[in-house]
Amino acid sequence: MAGLRVYYGGTFDPVHDGHLAIARAARDVFDTTIRLMPAADPPHRSPPGATAAQRAEMLDLAVAGEDGLCVDRRELRREGRSYSIDTLHDLRAEHGADAPIALLVGADSFVGLPDWHRWRELFDQAHFIIAERPGSPLDRDLRPELAAMLAGRWCHAPQALRDTPAGLVFRLHQALHGESATAIRQRIAAGRPWRDEVPAAVADYIERHRLYLNGSRDSGPAARPPL
């Protein structure tokens, strides 16, 4: 069976140090390349402050020189909404039914999984790696339909995700990082300090292209993986 392929989806508007910390932690635990996959048209949030092309270019800058991290633009090449189930069907067509595939998501996004498009089908197509921190929402009551779906799926060994194509859920523990894409956009719009929370090359790109100076698009929820 092929090695585990991990896809880290999100709006990355902009990519920040917290995103990179999650990707590095997953890379080190699973000893595999983490593919950061920007959403072109993310459902259930206000339009991104940067274009899809700009967000992908910032990701390129963020992972430059990073072993085991790369950018996957497949959702930018597809028309329509960036639904995870469609992406997973594309990946299955590309890699086959037996390839181990995982989606890397944050805990705050994962607890809202029942709101995702055709969410139950996702477990037939991929594993979930949940990036969590102390006080994780996974430690509180889950919605009943999600709790029922998760019964028997939790695993603690990285190897288990390599040994089967899909259907398992792994909790990825990582150091606390307070960065938020929403907060960064708001600080830029308000003229408050923000550069220390993103890679230097990304900060230069934001300033060069004058991104996020208008905070009017920040009324929606924080960036999340594509649904």
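For the numbers below, each heavy atom of this structure counts, side chains included, while hydrogens, waters and symmetry mates do not.
Minimum interatomic distance between A26 and L104 (heavy atoms only, all atoms of both residues): CB-CD2, 3.9 Å. Heavy-atom minimum distance, V198 versus D17: C-OD1, 3.5 Å. Across R195 and A203, no two heavy atoms sit closer than the pair CZ-CB, 3.5 Å. Annotation for W116 and S109: closest pair NE1-O, 3.8 Å, computed over non-hydrogen atoms. Considering all non-hydrogen atoms of both residues, A166 and R92 come closest at CB-NH2, 4.1 Å. Taking each heavy atom of Q54 and L211 in turn, the nearest pair found is OE1-CD2, 3.5 Å.
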Verdict with supporting geometry, D72 and Y8, side-chain hydrogen bond (donor to acceptor under 3.5 Å, both in side chains): CA-CA 9 Å; D72 187 309; Y8 183 11; over 6 Å; no

Salt bridge (Lys or Arg N to Asp or Glu O under 4.0 Å) between R73 and D60, worked out: CA-CA 10 Å; R73 282 174 162 78; D60 287 336; 2.5 Å; yes

Y7 vs T87, side-chain contact (heavy atoms from CB on, under 4.5 Å): CA-CA, chis, key distance, verdict: CA-CA 10 Å; Y7 295 85; T87 299; over 6 Å; no

H127 vs T164, side-chain contact (heavy atoms from CB on, under 4.5 Å): CA-CA, chis, key distance, verdict: CA-CA 9 Å; H127 303 299; T164 187; 3.2 Å; yes

Pair W154-R171, side-chain contact (heavy atoms from CB on, under 4.5 Å): steps then yes or no: CA-CA 8 Å; W154 297 104; R171 295 174 73 154; 3.5 Å; yes

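A perpendicular orientation is assigned to the rings of F12 and H19, their planes being inclined by more than 60° (bins at 30° and 60°). Ring planes of F123 and W119: perpendicular class, angle over 60° (limits at 30 and 60°).
Within the 3.5 Å criterion, the main-chain N or O of R74 finds no donor-acceptor partner in the side chain of R78. R24 contributes no side-chain N or O that, together with a main-chain N or O of L69, makes up a donor-acceptor pair within less than 3.5 Å. A donor-acceptor pair under 3.5 Å is absent between the side-chain atoms of R192 and the main chain of Q186, judged by distance alone. For D13 (side chain) and A50 (main-chain N/O), a donor-acceptor pair under 3.5 Å exists by modelled atom type. Of the possible donor and acceptor atoms, none in the side chain of R35 sits under 3.5 Å from a partner among the backbone N and O of R5.
Here CG of L213 is found 9.5 Å from CD of E207. Values are rounded to the nearest 0.5 Å. A distance of 7.5 Å separates CD1 of I34 from CG of L4, quoted to the nearest 0.5 Å. Summarising the geometry, atom CD belonging to E179 is positioned 9.0 Å from atom CG belonging to L20; distances are rounded to the nearest 0.5 Å. Rounding to the nearest 0.5 angstrom, the gap separating the OG1 atom in T32 from the CZ atom in R27 is 11.0 Å. Note that OH of Y212 is 9.5 Å distant from CH2 of W194, once rounded to the nearest 0.5 Å.
With contacts defined as side-chain heavy-atom distances shorter than 4.5 Å, the pair V63/C70 does not qualify. A heavy-atom distance below 4.5 Å is not found between the side chains of E132 and Q174. When side chains are defined from C-beta on, L88 counts as touching L103, because their heavy atoms get closer than 4.5 Å. I129 places none of its side-chain heavy atoms less than 4.5 Å from the side chain of V29. L91 places none of its side-chain heavy atoms less than 4.5 Å from the side chain of Q125.
Taken together through direct or relayed side-chain contacts under 4.5 Å among Ile, Leu, Val, Met, Phe, Trp and Tyr, L61 and I188 form part of one hydrophobic cluster. One hydrophobic cluster holds both L150 and L122 under the rule that ILVMFWY side chains link at heavy-atom gaps under 4.5 Å.
Each salt bridge (Lys or Arg N to Asp or Glu O under 4.0 Å) pair with one or both residues in residues 119-130, not counting sequence neighbours, appears once here: R118-E121.
Within 6.0 Å of CZ in R210 there are 12 or fewer heavy atoms belonging to other residues, nucleotides or ligands. Taking a 6.0 Å sphere around CG of D28, one finds it holds more than 12 heavy atoms contributed by other residues, nucleotides or ligands.
Taking a cutoff of 4.0 Å between a charged side-chain nitrogen and a carboxylate oxygen, D115 and R143 qualify as a salt bridge.
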